[in-house]
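Working notes, beginning with the structure itself.
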Amino acid sequence: MHKLVYYVASTLDGFIAAPDGSYDFLPLEPEVAAYLTAEWPQTFPTFAHAQFGIASPPAGRFDALLMGRATYDPALKIGVTSPYAHLKQYVFSRSLPPSDDPQVEIVSGDPVAFVRELKAQPGGDIWLCGGGQLAGQLLDEVDELVVKLNPIVVGSGIPLADRGFTPTRFTLAGTRPFDSGVVVLRYTAEAR
């Protein structure tokens, strides 16, 4: 059975992007980049593989990813219809037309029902790429939460999980600190 893994970068105050959706204020220091390219190579867009020395297609645990419309839009704006061409991509949107790209499926239905069905199929794990609204809807389906916590406080923006007050506990499964102050935290979902 697939695991749904929410792998995301965040600020100390729990934001994954600025109010406008940008995230260029979250640095990628060389030591952190080296770790991420070795441990999480599939989470880099396909066009960045050569720049970071990642074999293409990269080996890893994922065979699919989920993203919301706002996460997908920056690629569309530059004419890239399949930003993670090495993975099957599911984009949740009620306004986008079906994709002509065979690696991208536009999903307009209920994300929870879709993920439950996808998790029941054979294959690798599923990466929840973003954004905050989709993560808020799917948080109860997340099996593993991996946060690249940046030593930055921004005050507002797109939250890690945009939803009403619903405490959801995770158990710390591992940490990887860096001299820059970044910490990669890995959590597993508690029994629900």
Side-chain angles (χ1 to χ4, degrees), residues 2-11 15-93 95-108 111 114-115 118 123-135 138 142 144-150 152 154 157-158 160 176 178 180 182 184 186:
H2 291 289
K3 284 185 181 177
L4 180 60
V5 180
Y6 185 22
Y7 168 88
V8 66
S10 176
T11 63
F15 296 101
I16 62 172
D20 67 359
S22 64
Y23 52 88
D24 54 352
F25 61 90
L26 295 171
L28 186 59
E29 294 88 0
E31 69 172 338
V32 178
Y35 169 78
L36 297 177
T37 58
E39 297 295 321
W40 301 93
Q42 292 178 302
T43 63
F44 286 80
T46 305
F47 68 82
H49 290 172
Q51 173 188 353
F52 287 98
I54 298 170
S56 203
R61 66 190 287 186
F62 302 118
D63 63 9
L65 75 80
L66 313 174
M67 67 179 116
R69 165 78 187 257
T71 302
Y72 186 52
D73 270 344
L76 285 181
K77 287 180 181 173
I78 61 169
V80 176
T81 59
S82 184
Y84 297 91
H86 53 284
L87 298 170
K88 175 66 177 169
Q89 300 151 85
Y90 298 97
V91 178
F92 290 82
S93 172
S95 59
L96 283 175
S99 176
D100 293 332
D101 192 304
Q103 283 299 103
V104 177
E105 181 178 330
I106 307 301
V107 180
S108 61
F114 183 86
V115 166
L118 190 60
D125 289 339
I126 306 158
W127 171 32
L128 173 53
C129 177
Q133 288 182 353
L134 183 60
L138 293 174
V142 170
E144 189 175 335
L145 173 63
V146 180
V147 180
K148 182 178 83 75
L149 190 63
N150 293 274
I152 298 170
V154 294
I158 297 173
L160 188 127
R176 174 58 167 92
F178 295 91
S180 63
V182 169
V184 176
R186 190 172 61 81

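Worth saying up front: this structure is predicted, and the values here are computed from it rather than measured.
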(Q) Between Leu65 and Leu128, is the side chain to side chain contact (heavy atoms under 4.5 Å, CB included) condition met? List the steps. (A) CA-CA 6 Å; Leu65 75 80; Leu128 173 53; over 6 Å; no
Side chain to side chain contact (heavy atoms under 4.5 Å, CB included) between Val91 and Val107: does it pass, once the steps are laid out?
CA-CA 6 Å; Val91 178; Val107 180; over 6 Å; no
Exercise for review: For Val5 and Ile126, run side chain to side chain contact (heavy atoms under 4.5 Å, CB included): C-alpha distance rounded to whole Å, both residues' side-chain angles, the deciding distance at 0.1 Å, then the answer.
Suggested key: CA-CA 6 Å; Val5 180; Ile126 306 158; over 6 Å; no
Requested in this report: Could you walk me through whether Leu76 and Leu96 pass the side chain to side chain contact (heavy atoms under 4.5 Å, CB included) test, one step at a time?
Outcome: CA-CA 11 Å; Leu76 285 181; Leu96 283 175; 4.2 Å; yes
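Ala9 and Asn150 get closest at one heavy-atom pair: CB-ND2, 4.0 Å. Closest heavy-atom contact between Pro41 and Glu39: CD-C, 3.3 Å. What you find for Lys88 and Pro102 is that their closest heavy atoms are NZ-O, 3.2 Å. Between Val32 and Ser180, the closest heavy-atom pair is CG2-OG, 4.0 Å. Between Leu160 and Ala135 the shortest heavy-atom distance is O-CB, 3.5 Å. Of all heavy-atom pairs spanning Leu149 and Thr11, the tightest one is CD1-O, 3.3 Å.
A 4.5 Å side-chain heavy-atom check between Val104 and Thr81 finds every atom pair outside the cut-off. Looking only at side-chain heavy atoms (C-beta outward), Leu118 and Leu66 come within less than 4.5 Å of each other. Proximity of Thr46 to Ser56: side-chain heavy atoms (C-beta onward) are separated by under 4.5 Å at one or more points. Ile152 places a side-chain heavy atom less than 4.5 Å from the side chain of Pro27. Counting heavy atoms from C-beta outward, His49 and Pro57 have side chains that stay 4.5 Å or more apart.
Side chain of Ser93 to main chain of Ser95: a donor-acceptor pair is present (N/O by atom type, distance under 3.5 Å, no hydrogens or angles).
The aromatic ring centres of Phe114 and Phe92 sit less than 6.0 Å apart. In summary, the aromatic rings of Tyr6 and Trp127 are positioned with their centroids too far apart to meet the 6.0 Å limit.
Side-chain polar atoms of Ser99 and Asp101 form no donor-acceptor pair below 3.5 angstrom.
Taking the six-membered ring where tryptophan is involved, the planes of Phe44 and Phe52 are tilted, since the angle between them lies from 30° to 60°.
Annotation for Asp100: atom CG does not count as buried by contact number, only 12 or fewer foreign heavy atoms lying within 6.0 Å. Dense packing is recorded around CD of Gln42, with more than 12 heavy atoms of other residues, nucleotides or ligands lying under 6.0 Å away.
Here the rule is side chain to side chain contact (heavy atoms under 4.5 Å, CB included) with Cys129, and of Tyr84, Phe62, Tyr72, Tyr7 only Tyr84 fits it.
Between the CG atom in Leu145 and the OG atom in Ser10 there is a gap of 9.5 Å [rounded to 0.5 Å]. His86 NE2 to Gln103 CD: the interatomic distance, rounded to the nearest 0.5 Å, is 10.0 Å. Within the model, atoms NZ of Lys148 and CD1 of Ile16 stand 12.5 Å from one another, a figure rounded to the nearest 0.5 Å. A distance of 11.0 Å separates CD in Gln51 from OG1 in Thr37, rounded to the nearest 0.5 Å. The CG atom of Leu134 sits 14.0 Å away from the OH atom of Tyr90 when rounded to the nearest 0.5 Å. Taken to the nearest 0.5 Å, the CD atom of Glu144 stands 10.0 Å off from the CG atom of Leu4.
Between Asp125 and Arg61 a salt bridge is recorded (basic side-chain N to carboxylate O distance below 4.0 Å). Remark: Asp73 does not engage Lys77 in a salt bridge, criterion side-chain N to carboxylate O under 4.0 Å.
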